[in-house]
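Please read the structure below before turning to the comments.
So that the names make sense, note that chain A is the first sequence line, chain B the second, and so on, each numbered from 1.
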Protein chains: 2
Amino acid sequence: MEMVTSADNQQIETAKKLKKMFGHIDYKNPPEMCPVRDVLSLASDKWSILIILYLGFFPVLRFNKLKKYVYGISNKVLSERLKALESDGYLTRRMYAEVPIRVEYRLTNFGKNYVDKLIELTEWMQINSPKVLKNKKKFQVK
Amino acid sequence: MEMVTSADNQQIETAKKLKKMFGHIDYKNPPEMCPVRDVLSLASDKWSILIILYLGFFPVLRFNKLKKYVYGISNKVLSERLKALESDGYLTRRMYAEVPIRVEYRLTNFGKNYVDKLIELTEWMQINSPKVLKNKKKFQVK
DNA sequence: CAGAATCCCTTTTGATACTG
DNA sequence: CAGTATCAAAAGGGATTCTG
């Protein structure tokens with residue numbers, strides 16, 4: 001008779017995955033070999049997340065529309081992030097030489113795959129953020 | 001006879017989830033109601049991710065050990081992140097009044113849950129980061 | 001309209017030195 | 001040890017101007 005709970009199994013699974021992962025993100029590796037540091041850092045940036053989620057929802061968005069949705073972002077940061085996200089392959093930028101000029105941003109297939117991963121994370125965070133805010137308050141009292 | 005591919009289904013699922021989510025992260029909401037902006041931004045920070053992953057792998061870590069693993073982090077940022085992550089409920093800090101002093105960090109159950117979510121993201125990123133690096137290079141050539 | 005460019009200011013880092 | 005203190009450098013932010 002086995003006495004292994006599903007929580008135990010989860011722990012074991014987690015440990016296994018982490019072990020495999022740390023072959024790659026080990027601190028002794030050169031920076032290029034640490035995906036968290038060098039790739040995820042852009043993609044998990046708070047502004048990038050919002051940009052990508054909005055582009056996941058609205059298939060096509062223009063600069064000023066994005067700026068309106070990603071509330072609080074500045075021209076500068078938005079245009080920087082868009083360039084970086086394009087360069088990393090998450091989105092495409094299509095320019096139409098009209099007057100006035102029109103520029104459309106949309107996710108690549110790769111970006112769409114990433115959205116699915118992001119959604120899992122943000123859904124979890126949405127469910128759990130009240131818990132975090134409660135923790136934060138409790139901590140301030142101490 | 002239905003002609004719906006699994007990719008179609010995924011798209012539909014994604015759209016549904018995003019629609020539900022944007023009730024919360026809408027740009028018109030005050031910042032407190034936007035979990036991405038206010039809660040995920042700490043947790044998805046590049047340093048936070050590395051700290052949490054290492055604490056997922058090594059159940060107990062001390063300050064200098066963490067600093068060694070989370071390669072490149074400065075004293076200041078590490079101690080700031082540890083404070084913030086403790087305050088948000090991801091980890092605990094235990095101090096032993098010995099000489100020399102000893103401080104142990106470990107994940108809370110909440111932090112352990114978060115690790116599972118993080119692993120899904122970082123695993124995906126690990127698989128795909130070569131693609132990203134290739135994109136980046138191609139982009140520079142243009 | 002979609003930004004790039006500029007200026008200027010604030011915040012966040014990063015590196016190093018220092019202390020209970 | 002486990003941090004804080006300090007200070008210089010970088011990144012972010014806001015406002016405004018400019019251009020095709």
Residues in side chain to side chain donor-acceptor pair (under 3.5 Å) with [X], at least two apart?
| X | answer |
| --- | --- |
| B/K67 | B/N75 |
| B/E120 | none |
| A/T14 | A/Q10, B/D116 |

### Message
Taking any atom closer than 4.0 angstrom to a non-hydrogen atom of chain B, what span of DNA chain C does the protein reach, first nucleotide to last?
### Response
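Both ends considered, the range comes out as C/dT13 to C/dA17.
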Sequence neighbours left out, what passes side chain to side chain contact (heavy atoms under 4.5 Å, CB included) with [X]? Give chain and number order.
| X | value |
| --- | --- |
| B/N113 | A/W124 |
| B/S129 | A/P35, A/V39 |
| A/K83 | none |
| A/K134 | none |

### With sequence neighbours excluded, residues passing ring-ring contact (aromatic ring centres under 6.0 Å, His included) with B/F63
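Not a single residue meets the ring-ring contact (aromatic ring centres under 6.0 Å, His included) criterion with B/F63.
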### Message
Quick one about A/Y105 and A/E86 (side-chain donor to acceptor, distance below 3.5 Å, no hydrogens or angles considered), yes or no?
### Response
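No, no side-chain donor-acceptor contact under 3.5 Å.
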### Task
Scan for salt bridge (charged side-chain N to carboxylate O under 4.0 Å, His left out) pairs involving residues 45-65 of chain A, sequence neighbours excluded, and state none if there are none.
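The answer is A/D45-A/R81.
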### Summary
Contact string for nucleotides 1-12 of chain D, one letter per nucleotide 5' to 3', B = base within protein heavy-atom range under 4.0 Å, S = sugar-phosphate only, - = neither, reads BSBB-BB----B
### Message
Pairs counted only when both distances fall under 3.5 Å, Watson-Crick or G-U: show me the 5' to 3' dot-bracket for DNA chain D, [ ] for pseudoknotted crossings and | for other-strand partners.
### Response
||||||||||||.|||||||
